Number of protein chains: 2
Amino acid sequence: MKYHHDVDVTLLDRLLQIGELFQRDMARAFAGTGFTPARLRVLWVLQHDGAMTQQALAAELDVTPRNVSGLVDALEASGHVHRAPHPSDRRAVLVELTPRTARIMSRMQREHAELSATLLDAVAPADRAAVERGIGAIADRLAALVEDADA
Amino acid sequence: MKYHHDVDVTLLDRLLQIGELFQRDMARAFAGTGFTPARLRVLWVLQHDGAMTQQALAAELDVTPRNVSGLVDALEASGHVHRAPHPSDRRAVLVELTPRTARIMSRMQREHAELSATLLDAVAPADRAAVERGIGAIADRLAALVEDADA
DNA sequence: TATTGTTATACTCTATAACTATA
DNA sequence: TATAGTTATAGAGTATAACAATA
């Protein structure tokens, strides 16, 4: 979706544009590598929170357990994650990043932080504190609205 | 994806969270109505830019013409768009919103603007101008980075 | 020849429902 | 009984490639 020809672009439009640009860039960057957006989300969660069961993964990603089975199948086939037996529950498995993939994700996390810094750098120094406060307030307000609509 | 347990949430994380929350809310709001995200994007473009060929739609949405055929098929079957003959090119068709759907999209556009205002309202008055400037600067910087990566 | 849209085919993501093994 | 994960099935979104009609 392009924006350059819109006259009345709202603040929300700009915020959504940022999300779209980011996602498109990720998709292009990983096109043909087997790192699809859904699989990257799995790896991202495992990097952040460590090994967990598929149930926990399903709750964290807000998808069905069946969906997680498919994603983990693919990631296991490509050697990015490993299914380990759960130490105390023989029904469950622990999904964990392989060492090589953990290193890849650490690098991605670093690049993500660098991109964040680069973007903040585009903001006038005098505006930066206000922007950080404002974006936090907007995200919190939107989260509250969605929570309400959900209930 | 949840954020409440993260300690080092970057500015970019917050921005992406806003996009995720919005998309999730849209998906929940229209679940079971046939208004899927991809079809809504088609309607949104037609509302903004008016009737256009499927080629133009494909370029605007950044998907293949084949994909557009499927989306327009579904939207035509549900009575939301209409395929009209192109006045000067018999190969092409003009996809246009039906009157009823044009009214629905006008209402959505109004609600979208209202949500934008509500979110800006969550920002401290003294910060609002800086936030609007800052988000614009961030979006522009990211667009430039993606453009570079694309080339 | 080039362009518009469609048919053919395939893969990914996602969901629900029924089932197995274990708790 | 309840929970963890898988098999079966299905629909939506997406892509590439080959093709028909028209420019």
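If you're wondering where the values come from, they're calculated on a predicted model, not measured in any experiment. Numbers restart at 1 for each chain; the letters A, B, ... are given by sequence-line order, proteins then strands.
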Could you walk me through whether R141(A) and I138(A) pass side chain to side chain contact (heavy atoms under 4.5 Å, CB included), step by step? CA-CA 5 Å; R141(A) 169 68 64 95; I138(A) 288 170; 5.8 Å; no

Think [X] has a side-chain N or O under 4.0 angstrom from the OP1 or OP2 of [N]?
| X | N | answer |
| --- | --- | --- |
| R90(A) | dT20(C) | no |
| T64(A) | dA15(C) | yes |
| S69(A) | dT6(D) | yes |
| N67(A) | dA15(C) | yes |
| R91(A) | dC19(C) | no |
| R41(B) | dT14(D) | yes |
| Q54(B) | dG5(C) | no |

Does a distance-only test, which skips hydrogens and angles, find a donor-acceptor pair under 3.5 Å between the side chain of R66(B) and the base of dT7(C)?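 It does, because a donor-acceptor pair links the side chain of R66(B) to the base of dT7(C) below 3.5 Å.
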
Classify the side chain of R39(A) and the base of dT12(C) as holding, or not holding, a donor-acceptor pair under 3.5 Å.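 There is none.
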
I need the [atom1]-[atom2] distance between [X] and [N], as an integer number of Å.
| X | N | atom1 | atom2 | value |
| --- | --- | --- | --- | --- |
| D73(B) | dG11(D) | CG | C1' | 15 Å |
| D89(B) | dA2(C) | CG | P | 17 Å |
| L57(B) | dG13(D) | CG | C1' | 15 Å |
| F30(A) | dT12(C) | CZ | P | 17 Å |
| L94(A) | dA4(D) | CG | P | 13 Å |
| L71(B) | dG11(D) | CG | C1' | 13 Å |
| M52(B) | dT4(C) | CE | C1' | 16 Å |
| R24(A) | dG13(D) | CZ | P | 19 Å |

Going by an N to O cut-off under 4.0 Å, is there a salt bridge joining [X] and [Y]?
| X | Y | answer |
| --- | --- | --- |
| R110(B) | E114(B) | no |
| D73(B) | R83(B) | yes |
| D140(B) | R14(A) | yes |
| D62(B) | R28(A) | yes |

Touch check for V93(B), heavy atoms < 4.0 angstrom, all strands: base, sugar-phosphate only, or nothing?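 Sugar-phosphate: the residue V93(B), judged by heavy atoms under 4.0 Å, touches backbone atoms but no base.
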
Can you identify which nucleotide, out of dT14(C), dT7(C), dG5(C), has its nearest atom closest to the A92(B) side chain?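 When the side chain of A92(B) is considered, dG5(C) is the closest of dT14(C), dT7(C), dG5(C).
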
Take S88(A) and Q55(B), find for each the nucleotide of DNA chain C with the closest heavy atom, and name the residue whose nucleotide sits nearer the 5' end.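 Its nearest nucleotide being more 5', the pick is Q55(B).
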
